[in-house]
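Shown next, in structure tokens, is the structure this report addresses.
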Amino acid sequence: MKRTALVLIDLQNDYFKGGDWELKGTEEAADNAKRLLDKFREKGDQVIHVRHEAISSEAPFFRPDSEGAKIHEKVAPMPGEPVVLKHQINSFRDTNLKEVLKASEIESVVVCGAMSHMCVDAVTRAAYDFGYTCLVAHDACATLDLTFGGVKVPAEYVHAAFMAALDFAYADVKSTEQVLDLI
């Protein structure tokens with residue numbers, strides 16, 4: 001496999017039970033992300049944490065300096081692991097993510113985290129456009145129910161639709177177990 005980095009997207013306290021923007025399946029996603037994180041650490045491979053922080057303290061979640069904006073303890077960074085701070089949906093926009101990947105000569109990324117339909121989707125598409133080979137661990141991602149045009153779309157359908165779209169052209173979308181077998 002090409003020189004690969006694990007990119008953990010926004011697994012922050014506000015997305016967990018009791019947080020300000022609770023997602024469906026966050027605990028399970030974080031458990032699977034932790035399995036990937038442990039394997040990457042064991043192998044000494046690059047791990048990159050991405051943390052979203054709102055610009056305004058009036059934001060509904062990820063408010064600056066809040067407990068909710070902190071990375072969840074299950075996947076907390078260890079000393080020396082880069083943490084990319086972002087204020088946009090796309091983890092490459094106005095951040096140093098591309099430079100961090102380039103400095104480690106990364107050619108391939110394994111993506112997991114939240115939300116499937118927003119930040120996971122955006123970073124995967126952008127990474128692909130920048131020439132990275134992308135792999136998404138679908139069961140290490142979480143999202144929430146959405147509503148459009150008066151129609152409620154359950155989280156599992158939102159997640160499935162976005163994973164299907166990524167798998168069609170932007171990434172290989174696999175289970176955590178399948179990803180672990182590959183790395």
So [Y] and [X], do their side chains get closer than 4.5 Å, heavy atoms only?
X	Y	value
M163	V136	yes
V110	L182	no
F92	L101	yes
D139	E177	no
V179	L36	yes
I9	S91	yes
D121	L166	yes

Closest approach of [X] and [Y], non-hydrogen atoms and distance?
X	Y	value
I71	V75	CG2-O, 3.7 Å
L85	T95	O-CG2, 3.5 Å
H52	C119	ND1-SG, 4.4 Å
N13	E67	ND2-O, 2.9 Å

Of F62, F16, F61, which is the lone residue that meets ring pair (Phe, Tyr, Trp, His ring centres under 6.0 Å) with W21?
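Output: one option passes, namely F61.
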Is [X] reaching over with its side chain to a backbone N or O of [Y], donor-acceptor style, under 3.5 angstrom?
X	Y	result
T26	Y15	yes
H138	S116	no
R51	V83	no
N32	T176	no
S56	E58	yes
K2	T4	no

Can you tell me if H49 and E81 form a side-chain donor-acceptor pair at under 3.5 Å?
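The criterion, which ignores hydrogens and geometry beyond distance, is satisfied for E81 and H49.
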Side chains of T143 and H117: is there a donor and an acceptor less than 3.5 Å apart?
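Note: T143 and H117 side chains meet the donor-acceptor criterion.
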For [X], I'd like to know if atom [atom1] has over 12 heavy atoms of other residues, nucleotides or ligands within 6.0 Å.
X	atom1	answer
R41	CZ	yes
I89	CD1	no
F130	CZ	yes

When rounded to the nearest 0.5 angstrom, what distance separates [atom1] in [X] from [atom2] in [Y]?
X	Y	atom1	atom2	value
Q12	S66	CD	OG	8.5 Å
I106	Q46	CD1	CD	5.5 Å
R3	S108	CZ	OG	11.5 Å
E53	D65	CD	CG	6.0 Å

Ion pair present between [X] and [Y], side-chain N to carboxylate O less than 4.0 angstrom?
X	Y	result
R63	D20	yes
K74	E27	yes
D38	K34	yes

Dump the intermediate steps for salt bridge (charged side-chain N to carboxylate O under 4.0 Å, His left out) on R125 and D129, then the final yes or no.
CA-CA 6 Å; R125 289 171 187 254; D129 287 345; over 6 Å; no
Determine, step by step, whether E99 and K102 satisfy the salt bridge (charged side-chain N to carboxylate O under 4.0 Å, His left out) criterion, reporting the C-alpha distance in whole Å, the side-chain angles of both residues, the deciding distance to 0.1 Å, and the verdict.
CA-CA 5 Å; E99 290 76 17; K102 186 176 181 178; over 6 Å; no
